[in-house]
Number of protein chains: 2
Amino acid sequence: MGSECHHADGAHPGLKGHALTHALGAAEHRCVATQERLTAPRRRVLELLLESDGPQKAYDLIAAFGEHGEPAKPPTVYRALEFLERLGFAHRIESLNAYVPCRIDGGEHRAAFLICDCCGAAQEFEPDFTAQLAAAEAAGYQVSTITLEARGRCSACRAG
Amino acid sequence: MGSECHHADGAHPGLKGHALTHALGAAEHRCVATQERLTAPRRRVLELLLESDGPQKAYDLIAAFGEHGEPAKPPTVYRALEFLERLGFAHRIESLNAYVPCRIDGGEHRAAFLICDCCGAAQEFEPDFTAQLAAAEAAGYQVSTITLEARGRCSACRAG
DNA sequence: TGGGTTATGTTATCTCATAACGGTCGATGT
DNA sequence: ACATCGACCGTTATGAGATAACATAACCCA
């Protein structure tokens, strides 16, 4: 409670109530539009991600899955995560072995994160990959996906 | 042997003989210069990485560690990898859970990889992170490390 | 209403990585 | 020489992360 680094304070507060309902409804709409099915386990995992304040480990989601404390079986959650990633509703952060809901509207985009080593927050941003894609093309590569993860300290932790 | 994708053909052939000895010697020199110790297990893991044709899993290194087929204990290899990463002799590729020797001369640099989903090759390159670092700074982040991993198909696999 | 496709439930197992502890080695000061 | 300190290593055990395999159920549509 002092002037130390306030872990996760203020970083991506997590959705509740109307905001959560609205986000889930939007996801549902996008699924309908693309003829995909936001089934119960998929919806539940997305809900858990949206409610959370920061990157969630798969086994955190597994533990929190049931409404009354019963955990899910691992494949249930991993399959849901695979679906959510495929549709762009969630991202995996490789360097954390953790998952976050997508914070950027719209469909396809390339993921990039600023990860605070102090408070654990992961801020998604839309990077300009022009230079790297040009380098890849020059090397003869045909790029399908590209991710970037930067580690450091967020402004709150630097100030704290 | 047809015109299919030739898995790993030609990608980072791996060092042998004089080239391998020379690379290990260069590493030794850099360690002496920085007052670090290239101990036997560290040297052995670096040797395995340099000899290899592509990204190596930790447990591949563990299995290949002994000169006569005896595996190493996991901490032996993980500690060596930690050291090699710290000094810039090796990189971890997060999206593969695998390790490669650094292919770029000199000390500190920021790692970036083009990974072929077809043949598994991982080509290291030196990207221009100017745009992303500016975005991070604009968000108030102080970046310490930054990594990029692009997935796609390499030129050989596209041609094959 | 039947047949293909997609998704789920369940069990078991596999891969990846680290905690913890005691012993060894090498440098440094006296 | 030898005490001492820190870095490193060997070993055992366990924790964390992810998937294979197979059976069952739901969906879609001709």
Please pick, from [options], the nucleotide with the shortest atom-to-atom distance to any side-chain atom of [X].
X: A:Arg37; options: D:dG17, C:dA17, C:dA7; result: C:dA7
X: A:Tyr78; options: D:dA18, C:dT8, C:dC16; result: D:dA18
X: B:Pro74; options: D:dG10, C:dT11, C:dT18; result: C:dT18
X: A:Pro75; options: C:dG9, C:dT11, C:dA17; result: C:dT11
X: A:Ala58; options: C:dT10, D:dC9, D:dA18; result: D:dA18
X: B:Tyr99; options: C:dA17, D:dT19, C:dT8; result: C:dA17
X: A:Asn97; options: D:dT12, D:dA18, C:dT10; result: D:dA18

- Is a side-chain donor-acceptor pair under 3.5 Å present for B:Glu124 with B:His91? yes

- Item | Any side-chain donor near an acceptor of the partner, B:Ser95 and B:Glu149, under 3.5 Å |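 Checked: B:Ser95/B:Glu149 side chains pair up, N/O donor to acceptor below 3.5 Å.
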
[X] has an atom [atom1]; how far is it from atom [atom2] of [N], in whole Å?
X: B:Arg43; N: D:dC9; atom1: CZ; atom2: P; result: 14 Å
X: A:Leu87; N: C:dA7; atom1: CG; atom2: C1'; result: 14 Å
X: B:Glu94; N: C:dC16; atom1: CD; atom2: P; result: 13 Å
X: B:Leu61; N: C:dT15; atom1: CG; atom2: P; result: 15 Å
X: A:Asp60; N: D:dG15; atom1: CG; atom2: C1'; result: 14 Å
X: B:Glu70; N: D:dG10; atom1: CD; atom2: C1'; result: 14 Å
X: A:Phe65; N: C:dT8; atom1: CZ; atom2: C1'; result: 10 Å
X: A:Leu81; N: C:dT8; atom1: CG; atom2: P; result: 12 Å

With a 4.0 Å cutoff (strictly under), does any side-chain N or O of [X] reach OP1 or OP2 of [N]?
X: B:Lys73; N: D:dT11; result: yes
X: B:Arg92; N: C:dA17; result: yes
X: B:Lys57; N: C:dC16; result: yes
X: B:Thr76; N: D:dC9; result: no

- Toward the 5' end of DNA chain C, by each residue's nearest nucleotide, B:Arg79 or A:Pro41: A:Pro41

- Task: Could you tell me whether A:Glu82 and A:Arg79 have a side-chain N and a carboxylate O separated by less than 4.0 Å?
- Result: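 The answer is no: the pair does not qualify as a salt bridge.
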
- Item | Sidechain N-carboxylate O distance under 4.0 Å for B:Glu28, B:Arg43 |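 Looking at B:Arg43 together with B:Glu28, the answer is yes, because their closest N to O distance falls below 4.0 Å.
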
- Message: Nearest heavy atom decides the nucleotide; on that basis, is B:Tyr59 or B:Glu36 closer to the 5' end of DNA chain D?
- Response: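 The residue closer to the strand's 5' end, by nearest nucleotide, is B:Glu36.
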
- Gap separating the CG atom of A:Leu114 from the SG atom of A:Cys154, nearest 0.5 angstrom: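 Rounded to the nearest 0.5 Å, the CG-SG separation comes to 10.0 Å.
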
- Message: Show, in sequence, the C-alpha distance, side-chain angles and deciding distance for A:Glu137 and A:Gln142, and conclude whether the side chain to side chain donor-acceptor pair (under 3.5 Å) test is met.
- Response: CA-CA 7 Å; A:Glu137 187 159 357; A:Gln142 181 176 39; over 6 Å; no

